[in-house]
Amino acid sequence: MGMGLHTKLDTFPGIGPARARALGKLGLYTVEDLLSYFPRNYEDRSLRPDILSAGEDELVCFRALVTEGFRTSRIRQGMELTRGKVADDTAQVIITFFNQPYMAGQLRYGEEYIFCGRLQGQGPRRQLTNPYVEPLGAGRLAGGIIPVYPLTAGVSQTLLGGLIRRALPGAEEIPEVLPPEILGRYQLAQAEFSYRNIHFPESWEALALARHRLIFEELLCLSLGLALLRSRRSRGKAPAFHALDLTTFSKGLPFQLTGAQSRAVEELAGDLARGEPMNRLLQGDVGSGKTVVAAAGAYLAFQNGFQSALMAPTELLARQHLITMEGLLASNGLRVDLLVGSMTVVEKRRVRERLAAGEIDLLVGTHALVSQGVEFSRLGLVITDEQHRFGVRQRAALSAKGGEMGTPHVLVMSATPIPRTLALMIYGELDLSVLDELPPGRTPVATYIMGEDKRQRLYRFIRKQAQAGRQTYIVCPTVEEGDLLELKAAEEYGRDLQENVFPDLQTAVLHGRMKGREKEAVMAAFLRGEIAVLVSTTVIEVGVDVPNATLMVIENAERFGLSQLHQLRGRVGRGSEASYCILVTESKGETARERLRALAATNDGFLIAEEDLRLRGPGDFFGSRQHGLPQLQIASLAGDMRVLSQAQEAAKVLLEEDPILEAPRHSPLRDKVWHLFEESRDSFS
Ligand code: ADP
Ligand code: MG
């Protein structure tokens with residue numbers, strides 16, 4: 001088969017439309033995509049010398065003899081257990097398969113096999129569940145280092161591994177984007193070698209060299225891209241706001257601004273007064289009070305005869321913002337309204353008409369704000385909340401609605417704190433306001449880690465909260481937002497809780513598949529205190545504000561990222577009552593435990609973000625998305641700090657010689673930089 005980098009995967013034998021679609025979900029369409037799809041991890045399938053030398057709880061392979069034949073027994077409906085014993089000269093292992101009765105026929109008494117899996121227990125209780133088994137001499141494990149790829153439904157390790165193996169000859173065509181002097185100075189491996197060995201390493205050394213080179217390349221592209229964007233930052237024209245009197249606004253507030261809030265508002269006002277588009281990031285931990293800063297911005301726009309738009313990532317949050325903004329601004333004469341997808345056609349049309357006629361001063365909504373036909377009469381300020389949730393295209397589309405008024409000012413709000421060391425590098429071209437102070441009267445949320453054995457105690461604690469008139473969130477993990485499994489897990493859990501645990505309490509369920517109105521009704525009831533226990537998926541992660549909720553229970557806490565857990569925890573501790581966050585986990589893994597302990601130890605979002613970055617393993621895909629940076633494939637900003645500083649140094653030298661990378665010899669590198677920034681290109685400009 002003539003195969004090049006651009007060969008489409010659906011021309012591969014065995015790849016029909018369904019598989020092609022599944023691969024598409026991973027962004028895999030061509031040979032080049034495959035080769036750039038790096039393993040998430042590697043498994044060491046090299047054989048251990050014997051069972052005794054294989055550690056507990058780590059993935060190991062060993063050879064052993066079947067010393068007690070495998071038999072299947074039925075435990076209960078739908079559950080069959082196949083069990084036997086194997087041994088070598090050093091130890092014996094009990095092996096159990098769940099619902100794989102055919103294994104009894106494949107493992108013969110007195111014969112030797114290779115077993116791979118995680119050993120549990122010691123001595124005569126040493127055991128292995130559902131191991132991978134291979135007859136001696138089958139040779140499939142040769143090489144010993146097996147890549148593990150991130151997957152999606154319909155794409156298995158075997159399929160992906162096989163496809164990549166077939167695509168590997170294409171690596172010869174991958175252009176060497178790094179100039180020879182950089183390869184030399186930093187002793188980096190060649191492109192072809194690196195792409196081969198990142199997938200199917202010849203040895204652990206080769207893998208390390210390959211990884212190092214690819215990490216360097218990615219961080220170099222990141223550094224170059226940020227530097228190029230910075231130099232390109234266009235200074236268009238934006239309306240200059242001259243009236244900047246916030247006295248009335250401040251007087252109408254139910255509280256006094258914190259020092260940090262006042263500072264942020266001043267910085268904002270300073271930007272708005274200049275005739276250039278503001279481009280400011282307002283960063284503050286959950287609960288630090290970003291909303292009122294946004295309200296001050298909308299007030300200033302209004303005072304100068306301009307409209308504002310506030311875009312939130314979910315309907316739930318948009319509706320909550322509407323209520324808050326009306327509370328903060330309506331008494332000052334601002335007309336606040338809502339535009340979200342679930343409104344009726346008639347409702348939407350009415351809002352659009354009033355907007356175009358200048359009869360709405362602040363329009364709050366979801367991405368519906370950027371849809372066709374939404375026209376502002378005088379848009380002067382665009383605010384996006386939890387910016388990392390938005391695609392760049394949506395943000396750009398909203399800014400484009402400034403029309404003949406020029407570029408609107410932009411305020412981006414984010415609760416994801418960036419470690420201070422990185423902020424400067426990342427947001428060098430964005431102005432930054434930080435709310436580093438929480439409003440007064442907050443009690444820090446006490447956080448505990450709990451195992452399944454204490455579940456009854458947990459239920460008693462929830463009941464106690466309810467009896468004291470306070471409310472509880474229970475968050476179940478989701479497989480994927482909006483996923484069918486998400487809905488099922490939350491609904492079943494909720495039903496069980498209502499029927500079997502709290503028949504006397506009011507419980508409710510909230511998940512991503514519910515209609516906007518249903519969600520709104522549930523949330524409104526929760527806000528009114530009519531629901532004692534709310535079972536939810538992560539749809540409540542951002543922004544929801546119910547001061548009377550004092551307990552946050554997170555099931556399978558190990559499945560969440562640290563920063564996400566911190567966000568969830570931020571839903572409680574919003575009033576003056578003592579608040580609790582309980583992380584339920586059965587995980588015995590040390591890293592998982594360490595992560596949760598880090599969360600329990602502090603309420604400081606900055607520390608948590610740093611810890612999150614530190615603990616994150618290689619190739620974490622969620623690593624940088626939250627910061628609005630391009631998605632890094634292989635490098636980790638915290639873990640690869642040393643390489644990062646080398647890459648920055650190399651970028652500087654390169655740009656001194658060729659400031660916009662226009663030399664023909666730099667064009668592959670330049671392409672690579674723009675490819676990395678494709679997704680988030682204009683969020684930086
Ligand atoms: P976030 O930064 O997470 O968006 P919010 O804007 O939702 O935070 O504010 C969290 C809570 O703190 C809200 O209930 C808000 O009314 C309250 N709040 C904000 N600023 C102050 C302040 N200066 N004093 C007292 N309470 C405040
Ligand atoms: Mg908020």
Side-chain angles (χ1 to χ4, degrees), residues 246 249-266 268 280-299 310-331 362 364-366 383-390 411-418 432-445 471 473 523 526-527 529 538-550 552 563-577 579 581 603-606 608-609 626:
L246 283 164
F249 172 77
S250 306
K251 274 204 193 117
L253 293 179
F255 44 69
Q256 246 197 325
L257 293 182
T258 63
Q261 283 170 327
S262 304
R263 216 177 322 119
V265 170
E266 263 167 45
L268 182 78
R280 183 167 287 277
L281 171 71
L282 175 63
Q283 190 188 298
D285 209 347
V286 279
S288 59
K290 294 183 287 295
T291 318
V292 68
V293 177
Y299 179 83
L310 168 55
M311 185 158 72
T314 61
E315 281 207 26
L316 200 64
L317 196 51
R319 287 176 189 276
Q320 171 139 358
H321 274 322
L322 174 76
I323 297 169
T324 312
M325 288 298 179
E326 275 182 330
L328 293 169
L329 295 167
S331 61
L362 169 60
V364 180
T366 52
I383 306 161
T384 58
D385 196 8
E386 307 299 345
Q387 49 101 23
H388 62 269
R389 293 282 184 120
F390 288 107
L411 177 68
V412 165
M413 304 197 284
S414 172
T416 311
I418 296 155
L432 182 68
S433 293
V434 181
L435 298 185
D436 50 6
E437 180 187 353
L438 290 184
R442 298 277 170 80
T443 42
V445 181
Q471 296 160 277
Y473 293 105
M523 237 13 250
F526 191 67
L527 189 59
T538 48
V539 291
I540 59 140
E541 179 190 342
V542 282
V544 176
D545 190 23
V546 181
N548 192 47
T550 51
M552 165 64 65
S563 294
Q564 199 183 11
L565 287 170
H566 180 62
Q567 294 262 341
L568 285 168
R569 176 169 65 176
R571 299 305 110 218
V572 296
R574 307 205 134 217
S576 49
E577 299 297 337
S579 294
C581 173
N603 271 289
D604 182 336
F606 277 102
I608 289 165
Q626 299 218 335

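In this chain, numbering begins with 1 at the start of the sequence shown. Both counts, for ligands and for their atoms, begin at 1 and track the order of listing. When reading the values below, keep in mind they use all heavy atoms of this one structure, side chains included, and skip hydrogens, waters and symmetry mates. All values reported here derive from a predicted model rather than from experimental measurement.
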**OP:** Would you indicate whether the side-chain heavy atoms of L268 and S433 approach each other to under 4.5 Å?
**Re:** no
**OP:** Taking the side chain as every heavy atom from C-beta outward, state whether V572 and T550 have any pair of such atoms under 4.5 Å apart.
**Re:** no
Original post:
Yes or no on side-chain contact (heavy atoms from CB on, under 4.5 Å) for R574 and V546, after CA distance, side-chain angles and deciding distance?
Top reply: CA-CA 7 Å; R574 307 205 134 217; V546 181; over 6 Å; no
Subject >> S288: numbered ligand 1 atoms lying under 4.0 Å from its heavy atoms >> reply: 2 (O), 8 (O)
**OP:** Using a strict 4.0 Å cut-off to heavy atoms of L257, name the atoms of ligand 1 that fall inside it.
**Re:** 23 (N)
Original post:
In ligand 1, which numbered atoms sit nearer than 4.0 Å to a non-hydrogen atom of T291?
Top reply: 4 (O), 5 (P), 6 (O), 7 (O)
Subject >> Part of L435 within contact of ligand 1 (heavy atoms, under 4.0 Å) >> reply: neither
Original post:
What atoms in ligand 1 come closer than 4.0 Å to a heavy atom of T258?
Top reply: 23 (N)
Original post:
Less than 3.5 Å between some nitrogen or oxygen of G284 and one of ligand 1, yes or no?
Top reply: no
Subject >> From A260, A294, P440, G289 - option closest to atom 9 (O) of ligand 1 by heavy atom >> reply: G289
**OP:** Kindly indicate whether the side chain of T291, heavy atoms from C-beta on, has any atom under 4.5 Å from the side chain of H321.
**Re:** yes
**OP:** Drop me the distance from D436's CG to Q283's CD, to the nearest 0.5 angstrom.
**Re:** 10.0 Å
Subject >> Note, N548 side chain near F526 side chain (heavy atom, < 4.5 Å) >> reply: no
Original post:
Which atoms of ligand 1 have any heavy atom of R574 under 4.0 Å away?
Top reply: 3 (O), 7 (O), 10 (C)
Original post:
Which ligand 1 atoms, with their elements, are less than 4.0 angstrom from a heavy-atom of Q256?
Top reply: 22 (C), 23 (N), 24 (N)
Subject >> Spacing of L253 atom CG and L328 atom CG [to the nearest 0.5 Å] >> reply: 6.0 Å
